[in-house]
There are 2 protein chains.
Amino acid sequence: MHPDTQNGFRALADPTRRDILKRLAKGEHTIAQLTQHFDMTRAAVKKHLTVLSDGGLITTRAAGRERFNALNPDGFAPMRDWIGFFDHFWDAQLSNLKDAIENNNQKDQHND
Amino acid sequence: MHPDTQNGFRALADPTRRDILKRLAKGEHTIAQLTQHFDMTRAAVKKHLTVLSDGGLITTRAAGRERFNALNPDGFAPMRDWIGFFDHFWDAQLSNLKDAIENNNQKDQHND
DNA sequence: GTGACAGGATACCAAGCGGTATCATAATTA
DNA sequence: TAATTATGATACCGCTTGGTATCCTGTCAC
């Protein structure tokens, strides 16, 4: 289905990486530019960018000796879809609650 | 904003835990029931359930000596909202592409 | 009560991860 | 050419984490 789900969720699991994504949402950044905003070395930021790239969440454009990192909005689709699967259960829970209130009884719906 | 974002994303970052959530979507399960489906000990499953609980993604109901673990669909909201922030950029990217095609020019929109 | 059963808690281990230091490489500039 | 700049790559360290083994507590059935 979505082969990058694991790498994507793993990339999102770190607060620094989520912060990087928010910053890239404002436009392309080189590693040096990003590093200015964080209290860590360039090598550490580079590692985070590698994880984000593995997750398909960013793309890189080379220009001379610089490499511009940019958001890849499409890369969020696997995680959005995976989480979206559970929207159905939120709705179902609501409609069950609604039924319970209207019928004034609470069936247990234990399956399995 | 959403204090559980970190614990939530961390909980989703493991494939076993995502599998557990999918199984809980079919109904309540005890630890013993869940353990049957995985190639690991009950203690390991228990640890995963603790992480899922910390992330607010499941709830537990005690009944005698059994403890039924159930999905908490509301717990997905922080992650859904966080990812949803980037939907805007997907739209923006599309409209930029549309403009570029219509105007037949490619402005660079490098900001910062 | 005595077993058997479901679960909690802890110590322990190997692997992974976030981070630094360091060296190497390519491109700009004097 | 030489120095600087931007980045890549690797070795290493400490902490976290996924997993097991083990022991303990509480509950159900005789």
Side-chain angles (χ1 to χ4, degrees), chain A residues 4-24 27-71 79 110 112, chain B residues 4-24 27-72 79 108 110 112:
Chain A
D4 286 349
T5 302
Q6 174 54 29
N7 285 337
F9 272 121
R10 174 170 124 64
L12 294 181
D14 184 272
T16 298
R17 288 194 288 268
R18 291 199 302 279
D19 197 344
I20 289 175
L21 289 173
K22 287 275 187 177
R23 291 186 182 279
L24 292 186
E28 291 181 328
H29 286 71
T30 64
I31 293 188
Q33 289 171 338
L34 283 170
T35 303
Q36 291 179 345
H37 298 291
F38 295 99
D39 190 21
M40 63 183 72
T41 64
R42 181 180 51 80
V45 174
K46 162 63 177 170
K47 281 194 176 182
H48 283 303
L49 289 175
T50 299
V51 175
L52 287 168
S53 179
D54 290 346
L57 298 175
I58 64 171
T59 57
T60 299
R61 173 178 67 86
R65 62 180 167 182
E66 290 179 310
R67 291 177 67 81
F68 289 96
N69 301 277
L71 207 63
M79 286 76 77
H110 180 100
D112 183 45
Chain B
D4 286 350
T5 301
Q6 174 55 28
N7 284 338
F9 272 121
R10 175 170 121 65
L12 294 181
D14 184 273
T16 299
R17 288 194 288 268
R18 291 199 303 278
D19 198 344
I20 289 175
L21 290 173
K22 288 274 188 178
R23 291 186 181 279
L24 292 185
E28 292 181 328
H29 286 69
T30 65
I31 292 189
Q33 289 171 337
L34 283 171
T35 303
Q36 291 179 344
H37 298 291
F38 295 99
D39 189 22
M40 63 183 72
T41 63
R42 182 178 50 79
V45 175
K46 162 64 178 170
K47 281 194 177 183
H48 284 303
L49 289 175
T50 299
V51 176
L52 287 168
S53 179
D54 290 346
L57 298 175
I58 65 171
T59 57
T60 299
R61 172 177 68 86
R65 62 181 167 181
E66 291 179 310
R67 291 176 67 81
F68 289 96
N69 301 277
L71 208 63
N72 178 29
M79 287 76 77
D108 77 330
H110 179 100
D112 180 40

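Quick caveat: nothing in here was measured; it's all calculated off a predicted structure. So that the names make sense, note that chain A is the first sequence line, chain B the second, and so on, each numbered from 1.
Taking atom CG of residue B:Asp54 and atom P of nucleotide D:dT16, one finds them 15 Å apart after rounding to whole Å. When rounded to the nearest whole Å, the span between NE2 of B:His29 and P of C:dA6 equals 15 Å. Distance A:Asn69 CG to D:dA6 P: 14 Å, rounded to the nearest Å. In this structure, A:Ile31 places its CD1 atom 8 Å from C1' of D:dG8, rounding to the nearest Å. We find that CD of A:Gln6 is positioned 13 Å from C1' of C:dG16, with the value rounded to whole Å. The distance between atom CD of A:Gln36 and atom C1' of D:dT5, rounded to the nearest whole Å, is 14 Å. The distance between atom NZ of A:Lys46 and atom P of C:dC17, rounded to the nearest whole Å, is 16 Å.
Among C:dT20, C:dT28, D:dT27, the nucleotide with an atom closest to any side-chain atom of A:Arg65 is C:dT28. Taking the side chain of B:Lys47 as heavy atoms from C-beta on, and the options D:dA11, C:dA21, D:dG19, the nearest nucleotide is D:dG19. The side chain of A:Asp14 has C:dG18 as its nearest neighbour among D:dA6, C:dA6, C:dG18.
Of the two residues contacting DNA chain C, namely A:Gly64 and A:His48, the nearest-nucleotide position lying further toward the 5' end is that of A:His48. Comparing A:Ala63 and A:Thr16 by the nucleotide of DNA chain C whose heavy atom lies nearest to each, the residue mapping closer to the 5' end is A:Thr16.
Here A:Ala43 lies in heavy-atom contact (under 4.0 Å) with a base.
Counting atom types as modelled, B:Arg42 pairs a side-chain N or O with a base atom of C:dG8 as donor and acceptor under 3.5 Å.
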